[in-house]
Amino acid sequence: MEGASVLTPPRQELESAVVRFAGDSGDGMQLTGSQFTLATALAGNDLATFPDFPAEIRAPVGTTYGVSAFQINFGGRTIRTAGDALDVLVAMNPAALKVNRADVKPGALVIVDSGAFTAKNFAKAHYQANPLEDGSLDAYRVMEVDMSAATEKAVEGHGLSKKEALRCKNMWALGLVYWMFGRDRQPTVDWLESKFAAKPEIANANIAALNAGHAYGETAELPTGVRTYSVPAAKLPAGLYRNVTGTEALAWGLVAGCKLARLPMTFCSYPITPASQLLHSLAGLKSFNVTTFQAEDEIAAACAAIGASYAGSLGVTSSSGPGIALKTEALGLAISVELPLVVVNSQRGGPSTGLPTKTEQSDLFQAVWGRNGDAPLAVLAARSPQDCFEVAIEAVRLATRYMTPVMLLTDGYLANASEPWRIPSLSDYEAFPVSFHEEPEGFQPFARDAETLARVWAKPGTPGLMHRIGGIEKDYDSGNISYDPANHQRMTDVRADKIAGIARDIPEQGIEQGEAGGRLAVVGWGSTYGPISRAVANLRAEGADVSHVHLRHIWPLPANLEALLGGFDKLLVPEMNHGQLVKLLRAETLLPCAGLSKVSGKPFKIAELETAIRATLEG
Amino acid sequence: MEGASVLTPPRQELESAVVRFAGDSGDGMQLTGSQFTLATALAGNDLATFPDFPAEIRAPVGTTYGVSAFQINFGGRTIRTAGDALDVLVAMNPAALKVNRADVKPGALVIVDSGAFTAKNFAKAHYQANPLEDGSLDAYRVMEVDMSAATEKAVEGHGLSKKEALRCKNMWALGLVYWMFGRDRQPTVDWLESKFAAKPEIANANIAALNAGHAYGETAELPTGVRTYSVPAAKLPAGLYRNVTGTEALAWGLVAGCKLARLPMTFCSYPITPASQLLHSLAGLKSFNVTTFQAEDEIAAACAAIGASYAGSLGVTSSSGPGIALKTEALGLAISVELPLVVVNSQRGGPSTGLPTKTEQSDLFQAVWGRNGDAPLAVLAARSPQDCFEVAIEAVRLATRYMTPVMLLTDGYLANASEPWRIPSLSDYEAFPVSFHEEPEGFQPFARDAETLARVWAKPGTPGLMHRIGGIEKDYDSGNISYDPANHQRMTDVRADKIAGIARDIPEQGIEQGEAGGRLAVVGWGSTYGPISRAVANLRAEGADVSHVHLRHIWPLPANLEALLGGFDKLLVPEMNHGQLVKLLRAETLLPCAGLSKVSGKPFKIAELETAIRATLEG
Amino acid sequence: MNVHTPPEQLKPKDFASDQEVRWCPGCGDYAILKGMQKTCADLGLKPETTVFVSGIGCAARFPYYMATYGFHTIHGRAPAIATGVKLANPELDVWVIGGDGDMLSIGGNHLMHALRRNVDLNILLFNNEIYGLTKGQYSPTSRVGTRSPSTPGGSLDAPVSATLYALGSGARFVARGVDTQQKQLPEVLKRAHAHRGASFVEIFQNCIVYNDGAFAHFTEREAAQEMQVFVEHGRPLVFGKEGRKGLRLKPGSLKLEVVEIGDEGPEAAGVLVHDETDRMLATLLAGLQPPLPVAIGVLYCDPAESYERQVVGETAPPPVEGDLDALLRRGHTWTVE
Amino acid sequence: MNVHTPPEQLKPKDFASDQEVRWCPGCGDYAILKGMQKTCADLGLKPETTVFVSGIGCAARFPYYMATYGFHTIHGRAPAIATGVKLANPELDVWVIGGDGDMLSIGGNHLMHALRRNVDLNILLFNNEIYGLTKGQYSPTSRVGTRSPSTPGGSLDAPVSATLYALGSGARFVARGVDTQQKQLPEVLKRAHAHRGASFVEIFQNCIVYNDGAFAHFTEREAAQEMQVFVEHGRPLVFGKEGRKGLRLKPGSLKLEVVEIGDEGPEAAGVLVHDETDRMLATLLAGLQPPLPVAIGVLYCDPAESYERQVVGETAPPPVEGDLDALLRRGHTWTVE
Ligand SMILES: Cc1ncc(C[n+]2csc(CCOP(=O)(O)OP(=O)(O)O)c2C)c(N)n1
Ligand SMILES: Cc1ncc(C[n+]2csc(CCOP(=O)(O)OP(=O)(O)O)c2C)c(N)n1
Ligand code: SF4
Ligand code: SF4
Ligand SMILES: [Mg+2]
Ligand SMILES: [Mg+2]
């Protein structure tokens, strides 16, 4: 880059911007990202964030596989995804540059800590030459600052060791980006002061670095093309907001569901990426009538949850693909004995161990059809971090109302991504209190509700209702073992009818955008909501005849879905798998749904969807 | 029944006949049945048999749930099923009558041991009154003989205790039925002599009973309507025959497959009904290069089989629904590391523990789609006892040629049913010897065959080929861990393409009966072959425009299947489940396949299928 | 809440359900069922707060025959399901029933974890050294050389000892009983019930069909006296005719040996006094094999606080329940006007 | 075939694969890897007949770093997979690697069965008393009170002892090592390798990120002498500065206690001599806990024939292979003309 300096131009207004902070695992990129998120939220933008951790716990410093990144997309309009491509990349070392460069928009800004661009670090990142000098960044605007040196200087006099001083580098970078986007530093100053309350010298040093980064922006003569921006506040509905990740929303949604059902929760799980966070979140909520149990494995976790439901609690179990696979036999038992159970699957890349830290939607088949025997259950999918709250409540409602396991599908993206959330009140939701059966007169453990076909829930401890249940086929009423052929047919039918009947108890399938018929509907489910929604919006803005339909209820499907989809000439089903919902829809509706598959461990880009939709419309 | 006696009329010729022997578990009905089968086979009939054991190990004598039965259908034409309804029922006690009566054709013959029709036995069978006297058998021809007394008399002088004497009752009954159908007693005499070689008094007593039963038929004045029959020999292809159960054929087929592949077999399993028999059969075949391993559970069994394949043997594992469910995670590993593996699922009634001793086809979804991640494998289904031999060979062929797990679906019916089998020679089959990779030069563990896309098989112990594999996503060539997004897409694609490509390596889908297009095709899979085949034949004989298509390859489907099925106006898919293949076919072909579901733990009756086909043709 | 005073004293037969018992005639399970029903009556258990949880196998049919709550689950998983039951409601009296295959083949891991966690379950393993329900294959407790349908040439692998395994897993109550000993068995079951935390009881159970007489060498009337030592806390380890034999430490070693007791009594002969809180002694006793006598009774009992009581607390859930609305508003929030 | 004479003597580094090692800097796994590579070189193992099989976890990444055959399988199942490997090819040298979560949480059952069956595997459990790979949850070997993401209030359940569990499972070789003890660890590994049948080695491994210093109280240089007893067959159980402390049986009990060794030597002080064939002594040693010293080395070794050798036989498959055509024609057959 030539160093021609100009006066800082006035702030340029952007509808939205995508910024990624990337550095070594030890560089504090996640903290930096959350602080920027907070400041951005307080500035009134809508936003979406996505952290990207390395698979290794603590990879050697400077390696490409040790790079940790945090991405945020924010704007004055509704934000749907963490963003396709970067407007600003902050790269704290060569490895971070190497791993993230491909995602930068041509012409966009790359800020690097030139102090970390040393021969040693080039080698660790497997760079043959200095990328700042070999022309490989010509497509971008590059801002080189020796942040390391600048930080060291900024924190001088706070009594920090060199190592400690360098740890403040992220705050220097944050200060610079704050300046660039006109953000208020005060919340971060407050946060630093409270976080390091016990070590004021660390707090002060970090604040000094933050201010120095900011001041650098204000005072330094910046290279051509480095501008400051303003992103106007979004028009969000009025209310009290917070930022929420999918995992938090899910944890709270499960608690809310249990409160609405008036049940204690027994949450049984075994750690697995990316599901463990849910266990961690709930482990801290004991005072909310939540018991958490880290079982010896996933089978035990599912079984303990079933045991808890049997005893009158709501059993919840959670895992990711391989762990859900292990629960298969136990789910069959829950289906057979008709007990409520919520099973959360935070999907990750498969098959087998696959890509534990990457996102995927490839467990839909397993959820709907992956059991021995005719073993139907309900399947729901969350579409966004905040939607996890709603879907968790719905899962508890269906599980208790229909005495059935409910599989709730989320994924690695949703688990970690965050977005602003208008905080609801428990009183916004209609309660669905469970009433346990208590009347001994004429008691039959498999007596069913005429409407829902759910059997009664009679829990141990209730006088006069002693009975036996099990996984062998049961007599239609008494639940005693029955080998009778006609009874087996009847039981198989009623198990299927019960689940199918849920279709009458869920909202009709709506349309996210567009008309209820026309040339093309893009049909999605789960975390593809964001990119599909934006892609469809963009194309509709161009006048394309395309609608967006997004499923929450995967099984049973909404009653009107077939009719709704039948109104379109074409149907495109984008999924982060090799084509699963698309097969289910084809089987159920015989409509010529076409699949759009992406299996790279990464969410769809808006542009990828736009291209596919255009091709379909033209095709 | 009135006892009016007449002279025995001349033998009546029957095209086919269905006989069921039913009695207490201790009455030796299975032995009786196999002897009758043998004699019938020797008489040149085609036949099919089906035993029906009680679920309890040894239920109290005289109870309905302790009844054991053996059914045989035999005839001068091709026999497809064990028969819808009985021409002759032999009921050794009231419980046997109670349980089996409903299956007797109106007007058909019921032979009872009146000596066992005592008040005590009525109570055990929960009969309020003597069924021989209350008119409940008016629809049948009933032959009452005090077989108990007759047997005791017949074996007098052989020095047996009363208990031992009564154990010969089944041979008395067999003798009578031999007389009725003009069967040769000699093979049974030979068998008794060899079986009881160590106890000649027992052999002689049994022979005496057999002869006495036969003599009774010849000399006694029989009641009206009791006739003797002759069933002409069937026109079977010339050759050497034996009777074979599905389990035997499967065991031998696996051995044959391994011989053709030039591989030792490591068979790893955990007992479960109705799969255990396969373990038992193979446990005796150590000298055929078979190692059997009873693992601690199904997971360990699958894993040990995978370990064995890794080490260069053919790993085979076997179970039934709930056990297959437990293997799910391990199957994902085998798919991911691309090792050959044969997985046999002897399906039983589900969900959960379900109906362990009853047959069902409800694990198709689990086989094709029941895993986390995009995890394709090949799925085959056997249609008849002898077909198990062919399908087992095909499973070994595909597993080794494509380095993939193959799921072989059989069921409780096939496992136990038997039929005559023209014994093949190993030389009838083309060998498919495995060649292990041994060349270190340029070795890449995931290098693929250009045609099959199968990776090389390089087994530990080979110098110069040391490498590491695992369930994490792998680099396309080296197999080293790779988190690269594009590589994951490529690997997911190639895993799918490899399995899809099997469609090029399997026969085109043929038509069992009828034309390659027309008004209706009945599309079946697995053990419904017999009844569908007979029902279609019957209706075609009446002139109906109906064809029969039967799938062996469930996944991938034969390449021409869509086109073939597209030539029919209507498609009917009968299954012993709640509709699984039908969904798969709809999803794959978008053809309006209709399902016909039976989930009672019992095979379809021919009549049920005829009714459904007629309704479809008319509808 | 392990001891209740029911309004009226129930009899053993009041604990029999209305289901027809479907084990093979002569199966040892009948005797255990009888012993259990007597135990329930003796303890005055309430049927409505008593739960039997089982896996799969002949033994695991047990719950159907008890007029209490019962859950016949899946193979090997009963200890895990029972753990969930206790977590949800620690007030219930939970009994776990399974065979040697159920608990030591497929279910060995859950057994270990229930024991080490010390969940307040009474775990009864009916050991018949065979798979009954699946028709006679050898099990992990079958002796070497067992001929079975899956091992026609005789089994090769060394069996695991249920009690040594339980001790190695960290169990705090380990006992043994014999199906037909209708005096001793209920006493052992009562001790198991009284022990708060996981109680493990191995019951030698005769499978008359597939493994008849497996334990005859120490359970048959003639053999019992010489081949069984019934251990009782604080009492010398004596057995044999007129109690004239005892067990002592073989001098200079860590092995037990049989000693004849003279007229001066057991102490003089160096016979050990049973200390059920001594894990090493329990390990020695559990490992006794013919020609030494088989130890029956409570081998080990050394209570510690039970898991679910620590999880849930001694009392019901906290009276003031967490306020979810407040939780959602905790941390950084902002208002959009 | 456990000892080979390779054409040329390989060095430890020849056993290092080309893959970049990806544990956290300072992780104890590095030291174990080094010890293993040295062991392989010292034993003259052939890379082509050596196989490392692992489950999932940080420890289970081990095979990637060895220039041998390696199979990184699924969580908890490595002993089962390795059993299959040995059944198919008993000539291979098979090492099984896993963490405390892998082998004692999800995989406890397979471990037990591999041990009781006595499959000729060298099973190394890297015990860091934590789940490393999933970021620090407590494990079944974590001490009571462990604060972890899943137990913010401290864990409640009693840990299982890996070595007591192995002994209770019927293992015939049980040993212990410490990651950083580069002299002793390879010796222990060599003993494990020499033992035909299942060898179980617990290796205390420091997880610097999630459980740093878990074993410092007996592995730190200053503590080691007083808090470790390195046991050797036939040698007295001495430790401490200048070997002036020893372990003896507390008189009249089945417990070990520490005794000061006077000038008359260990024997006079009643110090026990280690007998590695004595299962009870091994059980006592395995159970030693602070303030008593931790026992390191081969606690137990009492060989028996290995499983796969019995299954497959000492020699290759029978030379004359069964004739399938003849088999199919055995029993009743008939001819249709
Ligand atoms: C997942 C699964 N695997 C296998 C089986 C088959 N099965 C049922 S009971 C049993 C073992 C029975 O042995 P044991 O537990 O000793 O009980 P017993 O019948 O001897 O009382 C087996 C293998 C099953 N029902 N489920
Ligand atoms: C079936 C399954 N369940 C859970 C996981 C997640 N998981 C991976 S490693 C691990 C435990 C790791 O602990 P440990 O075995 O002690 O190994 P360490 O990382 O401490 O070396 C878990 C729970 C998984 N990969 N697969
Ligand atoms: S098979 Fe054995 S254990 Fe099962 S019921 Fe019969 S006798 Fe009892
Ligand atoms: S998390 Fe712990 S065990 Fe895992 S690599 Fe890091 S230091 Fe080692
Ligand atoms: Mg048993
Ligand atoms: Mg660990």
Side-chain angles (χ1 to χ4, degrees), chain A residues 55 65 299 320-326 328-329 332-333 335-337 347 349-358 360 362-363 365-366 368-375 470-473 483 485-486 488-489 492-493 495-496 577-578 580 583-584 586-588 590-592 598-602, chain B residues 55 65 299 320-326 328-329 332-333 335-337 347 349-358 360 362-363 365-366 368-375 470-473 483 485-486 488-489 492-493 495-496 577-578 580 583-584 586-588 590-592 598-602:
Chain A
Y65 53 89
I299 298 176
S320 187
I324 299 288
L326 286 168
T328 305
E329 192 205 6
L333 176 67
I335 291 167
S336 171
V337 295
Q347 299 165 94
S352 193
T353 307
L355 291 173
T357 57
K358 303 297 172 196
E360 204 159 285
S362 53
D363 298 349
F365 278 160
Q366 175 172 256
V368 180
W369 286 322
R371 284 166 295 282
N372 60 299
D374 291 299
I472 300 187
E473 188 58 285
Y483 301 122
H488 181 46
Q489 181 79 54
T492 305
D493 292 343
R495 282 186 291 260
N577 61 41
H578 226 252
Q580 302 196 358
K583 287 221 174 149
L584 184 142
R586 287 163 62 97
E588 293 299 313
L590 288 184
L591 294 168
K598 175 168 185 181
V599 196
S600 70
K602 301 234 175 199
Chain B
Y65 53 89
I299 298 176
S320 187
I324 299 288
L326 285 168
T328 305
E329 193 205 6
L333 176 67
I335 291 167
S336 172
V337 295
Q347 300 166 94
S352 194
T353 308
L355 290 173
T357 56
K358 303 298 172 192
E360 202 159 287
S362 53
D363 298 348
F365 278 159
Q366 176 173 256
V368 180
W369 287 323
R371 285 166 296 281
N372 60 298
D374 290 300
I472 299 189
E473 187 58 284
Y483 301 123
H488 181 46
Q489 180 80 52
T492 305
D493 291 344
R495 283 187 290 259
N577 61 41
H578 225 252
Q580 302 196 359
K583 287 221 173 149
L584 185 143
R586 287 164 61 98
E588 293 299 313
L590 288 184
L591 293 168
K598 176 170 184 181
V599 196
S600 69
K602 301 234 175 197

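Lettering follows sequence order; numbering is per chain, from 1.
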### Options B:Asp493, B:Thr357, B:Thr328, B:Thr492, ranked by heavy-atom pairs under 4.5 Å with chain A, top entry
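When all of B:Asp493, B:Thr357, B:Thr328, B:Thr492 are compared, B:Thr492 has the most.
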### Task
Give the member of B:Thr353, B:Ile335, B:Asn577, B:Val368 that has the highest number of heavy-atom pairs under 4.5 Å with chain A.
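Going by pairs under 4.5 Å, I would pick B:Thr353.
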Out of [options], which one racks up the most heavy-atom pairs below 4.5 Å with chain B?
options                                : value
A:Pro592, A:Gly471, A:Ala325           : A:Gly471
A:Pro356, A:Pro485, A:Ala486           : A:Pro485
A:Glu473, A:Lys602, A:His578, A:Lys598 : A:His578
A:Gly470, A:Pro322, A:Gly321           : A:Pro322
A:Gly332, A:Ser362, A:Gly370           : A:Ser362
A:Asp374, A:Ile299, A:Val337           : A:Asp374

#### Entry: B:Glu329 CD to A:Leu326 CG distance, which is reported to the nearest 0.5 Å
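So the CD of B:Glu329 and the CG of A:Leu326 are separated by 4.5 Å.
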### Message
Rounded at 0.5 Å granularity, tell me how far CG in A:Asp363 sits from CZ in B:Arg371.
### Response
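Rounded to the nearest 0.5 Å, the CG-CZ separation comes to 12.0 Å.
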#### Entry: Engaged part of A:Ile324 at the chain B interface, taking heavy atoms whose separation is under 4.5 Å
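Neither part.
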### Query
Non-hydrogen atoms of chain B under 4.5 Å away: do they reach the side chain of A:Leu584, the backbone, both or neither?
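Nothing of A:Leu584, per the 4.5 Å heavy-atom cut-off to chain B.
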### Query
Just by distance, with hydrogens left out, do B:Asn372 and A:Gln347 show a side-chain donor and acceptor under 3.5 Å apart?
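Side chains of B:Asn372 and A:Gln347: no pair found under 3.5 Å.
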### Query
Would you call A:Glu588 and B:Lys583 a side-chain contact if the rule is heavy atoms closer than 4.5 Å?
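With C-beta onward as the side chain, the pair touches.
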#### Entry: pair B:His488-A:Glu360: side-chain heavy atoms closer than 4.5 Å
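When only atoms from C-beta onward are counted, A:Glu360 and B:His488 do touch, with a gap below 4.5 Å.
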### Task
Please check if the side chain of B:Gln489 supplies one atom and the backbone of A:Val599 the other of a donor-acceptor pair under 3.5 Å.
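Yes, because the side chain of B:Gln489 sits within donor-acceptor range (under 3.5 Å) of the backbone of A:Val599.
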### Task
Work out which heavy atom in B:Gly350 is nearest to a heavy atom in A:Arg495; give both atom names and the distance.
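Smallest interatomic distance, heavy atoms only, reads O-NH2, 4.1 Å.
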### Query
Listed by chain and number, what are the side-chain contact (heavy atoms from CB on, under 4.5 Å) partners of B:Ser352, not counting sequence neighbours?
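By the side-chain contact (heavy atoms from CB on, under 4.5 Å) rule, B:Ser352 matches A:Leu333, A:Ser336, C:Ile74.
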